[in-house]
There are 2 protein chains.
Amino acid sequence: MAKNTFETIYETLKQRILAGTYSIKMRLPIEDDLITEFDSSRYAVRKAIKQLADEGLVYSVKGRGVVLLEHTPQTQQFNLNLGQLSGIKAMNADRQLDYRTDVVSFKQVIVDADLSEQTAFEIGIPVYAIQRVRLFNGQHAVIDINYFNAQLVPGITAEIARKSIYHYIQNDLNIKIAVVKRMLRVDSANKIDREHLELGENNCVGNMISIAFNDAGRQFEYTESHFIPNEFVFTQLIRN
Amino acid sequence: MAKNTFETIYETLKQRILAGTYSIKMRLPIEDDLITEFDSSRYAVRKAIKQLADEGLVYSVKGRGVVLLEHTPQTQQFNLNLGQLSGIKAMNADRQLDYRTDVVSFKQVIVDADLSEQTAFEIGIPVYAIQRVRLFNGQHAVIDINYFNAQLVPGITAEIARKSIYHYIQNDLNIKIAVVKRMLRVDSANKIDREHLELGENNCVGNMISIAFNDAGRQFEYTESHFIPNEFVFTQLIRN
DNA sequence: GAGTGGTCTAGACCACGGT
DNA sequence: CCGTGGTCTAGACCACTCC
């Protein structure tokens with residue numbers, strides 16, 4: 001860790017904040033002191049503070065200083081899964097979970113008007129249409145409905161889908177996943193959901209829609225992940 | 001608008017991107033060209049590009065340049081309600097909606113162990129406990145369950161709750177809302193939800209939990225907003 | 001008025017991508 | 001190898017907070 005000056009400062013400050021070193025005064029040392037302590041430039045110090053602010057640990061007030069945000073065990077968890085990448089597999093890697101994937105459907109189709117409307121893919125291009133059920137601790141908790149642009153992401157097989165498409169994309173195809181845009185909704189459960197998910201009494205699902213772009217700016221994926229209620233949490237940080 | 005050099009550059013570039021000026025080559029001009037064009041420093045140019053990247057419009061690749069992300073009408077909507085502040089009132093100010101608030105319950109209580117566990121407020125402090133139903137176009141769509149630290153946010157009345165607590169906090173009390181941490185879940189509907197929301201056939205709700213901090217770093221609010229399915233969307237951007 | 005973070009300039013060098 | 005963005009330094013001045 002800590003390859004850059006900036007990272008060293010960031011890691012050190014974060015440790016101290018979490019250890020409560022600064023907690024009494026509820027303030028970080030002023031920039032000049034940090035510059036002196038770490039023998040670095042203002043740039044590195046400010047960048048480290050910026051990252052701490054992005055994580056919701058501190059807040060800068062012009063003319064006053066850098067304030068620490070109260071962090072209780074409850075609010076602590078916010079600082080964890082803020083912006084994760086990869087599939088749900090990695091998304092839950094921190095929790096120790098028994099995990100399995102069933103490929104329910106695997107097709108290659110041409111995008112028509114309706115599908116284009118839904119996925120934002122151009123009409124006429126070939127896509128892989130894949131449906132996979134994710135089991136956590138034996139529970140049918142998530143169904144992933146994927147559409148991958150077959151020109152940008154060629155050669156997907158059912159076998160790859162059973163393991164990890166993202167692993168295949170990144171390691172075998174060497175595609176860089178640059179940006180993922182996400183939408184979160186609560187939808188009434190549809191036929192597919194009722195068929196494949198253990199909804200119990202519930203008749204709704206969470207729906208996480210992901211649109212992924214490679215580092216050439218091209219959208220290569222549209223995915224809907226329908227998940228059962230009461231099991232998943234998403235976090236977001238808003239700063240003024 | 002555009003008070004700073006940085007803002008001028010940012011606004012100009014954003015306009016051009018949305019107008020499609022750069023779309024053919026799928027690239028932004030290189031930094032040096034932008035420095036020349038806007039007669040500014042590299043700092044301002046890079047800051048503008050950073051903001052465009054934060055919005056999901058572009059993506060920087062070291063050694064190659066700044067790539068434009070495909071933006072179709074569908075993915076465009078992602079760029080809207082990314083990080084909004086204020087209550088739901090402002091959250092939906094862009095849509096033209098008939099809007100009303102009913103105060104269902106208004107109490108002042110002392111935080112006990114259970115409530116402390118839930119809200120992360122200290123045991124023993126007084127809080128306002130408020131329940132409000134939000135009607136959009138006459139539909140009972142949202143119930144807000146608020147807890148405000150009565151020491152940090154004194155003097156809330158039912159009348160204020162009916163109008164806008166955030167307006168009162170910011171304009172009358174002059175409190176600066178620095179940071180809001182949010183969690184999103186899908187919960188099975190409870191008694192209060194079934195009583196106050198127009199769930200129709202659905203028996204689940206979305207649950208947006210907000211924890212707000214003032215610019216002294218103190219948590220002054222814990223709120224759960226339970227909302228009906230199929231009506232609300234949340235967005236998130238993840239960058240590598 | 002003193003102290004603090006926010007903005008900005010003008011450089012330097014490094015790391016990576018493509019040729 | 002060259003061109004590009006990423007990191008970093010050493011300053012200057014401004015805007016805001018607090019006494």
Side-chain angles (χ1 to χ4, degrees), chain A residues 1-13 22 25-54 57-69 170 174-179 214-218 239-240, chain B residues 1-13 22 25-54 57-69 174-176 178-179 214-218 239-240:
Chain A
M1 11 220 120
K3 293 163 295 188
N4 315 330
T5 329
F6 140 70
E7 259 182 279
T8 313
I9 301 173
Y10 162 73
E11 301 279 3
T12 308
L13 291 180
Y22 302 127
K25 359 142 89 162
M26 296 282 284
R27 288 274 167 72
L28 231 57
I30 64 166
E31 290 184 351
D32 280 346
D33 288 353
L34 292 173
I35 291 169
T36 306
E37 175 181 350
F38 292 100
D39 190 28
S40 76
S41 71
R42 204 178 160 204
Y43 173 91
V45 167
R46 287 178 57 75
K47 197 174 164 191
I49 292 171
K50 173 118 189 348
Q51 182 145 332
L52 293 169
D54 286 340
L57 290 170
V58 303
Y59 180 73
S60 298
V61 186
K62 193 195 292 195
R64 176 142 28 112
V66 178
V67 171
L68 272 70
L69 297 187
Q170 293 180 300
N174 235 319
I175 290 171
K176 182 91 180 292
I177 298 154
V179 172
N214 65 18
D215 70 356
R218 302 291 310 278
R239 286 189 300 148
N240 242 353
Chain B
M1 10 217 120
K3 293 163 297 189
N4 315 330
T5 328
F6 140 69
E7 259 182 279
T8 314
I9 301 173
Y10 163 71
E11 301 279 2
T12 308
L13 290 181
Y22 301 129
K25 356 142 89 165
M26 296 280 284
R27 288 276 166 73
L28 232 56
I30 65 169
E31 291 183 351
D32 280 346
D33 288 353
L34 292 173
I35 291 169
T36 307
E37 173 180 351
F38 292 101
D39 190 27
S40 74
S41 70
R42 205 179 159 203
Y43 172 93
V45 167
R46 284 178 59 76
K47 197 174 165 190
I49 292 172
K50 174 123 190 346
Q51 182 144 332
L52 294 169
D54 286 339
L57 289 171
V58 303
Y59 180 73
S60 297
V61 186
K62 193 194 294 195
R64 177 145 27 115
V66 178
V67 170
L68 272 70
L69 297 187
N174 235 319
I175 291 171
K176 182 89 180 293
V179 171
N214 65 17
D215 69 357
R218 302 291 309 278
R239 286 190 301 148
N240 243 353

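OP1 or OP2 of D/dG5 has not a single side-chain nitrogen or oxygen of B/Arg64 nearer than 4.0 Å. The side chain of A/Arg46 contributes an N or O atom lying less than 4.0 Å from OP1 or OP2 of C/dG6. Remark: B/Thr5 is in phosphate contact with C/dC8, judged by side-chain N or O atoms under 4.0 Å from OP1 or OP2.
Near DNA chain D, meaning a heavy atom under 4.0 Å away, the residues from residues 30-43 of chain A are A/Ser40, A/Ser41, A/Arg42, A/Tyr43.
One can place CG of B/Leu68 at 13 Å from P of D/dG5, the figure rounded to the nearest angstrom. If you measure from atom CG of A/Asp215 to atom P of D/dG5, you get 14 Å, rounded to the nearest angstrom. Rounding to whole angstrom units, CZ of residue A/Arg239 and C1' of C/dG6 are separated by 13 Å. Computed from coordinates, the B/Glu7 CD to C/dC8 C1' distance equals 14 Å when rounded to whole Å. Between the CZ atom of B/Arg27 and the C1' atom of D/dG3 there is a distance of 12 Å, rounded to whole Å. C/dT7 atom P lies 12 Å from atom NZ of B/Lys50, rounded to whole Å. Protein atom OH of A/Tyr59 is 10 Å distant from nucleotide atom P of D/dT17, rounded to whole Å. Rounded to whole Å, atom P of C/dC8 lies 15 Å from atom OH of B/Tyr10.
Minimum interatomic distance between B/Leu34 and B/Pro29 (heavy atoms only, all atoms of both residues): CD1-O, 3.7 Å. The two atoms that bring B/Val179 and A/Arg239 nearest to each other are CG2-CG, 4.0 Å, heavy atoms only. Nearest heavy atom pair, residue B/Val45 against residue B/Ser40, reads CG2-OG, 3.7 Å.
Of the candidate nucleotides D/dT7, D/dG5, C/dG6, D/dG5 has the atom nearest to the side chain of B/Lys62.
Rounding to the nearest 0.5 Å gives a distance of 6.5 Å between NZ of A/Lys47 and CG of A/Asn4.
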Could you give me the CA-CA distance, side-chain angles and deciding distance for B/Lys176 and A/Val61, then say whether side chain to side chain contact (heavy atoms under 4.5 Å, CB included) is met?
CA-CA 10 Å; B/Lys176 182 89 180 293; A/Val61 186; over 6 Å; no
Side chain to side chain contact (heavy atoms under 4.5 Å, CB included) between B/Ile49 and B/Leu28: does it pass, once the steps are laid out?
CA-CA 9 Å; B/Ile49 292 172; B/Leu28 232 56; 4.1 Å; yes
For A/Leu52 and A/Leu13, what are the C-alpha separation, side-chain angles and deciding distance, and is it a side chain to side chain contact (heavy atoms under 4.5 Å, CB included)?
CA-CA 8 Å; A/Leu52 293 169; A/Leu13 291 180; 3.8 Å; yes
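Along DNA chain D, the nucleotide closest to B/Gly63 and the one closest to A/Lys47 are compared, and the more 5′ of them pairs with B/Gly63.
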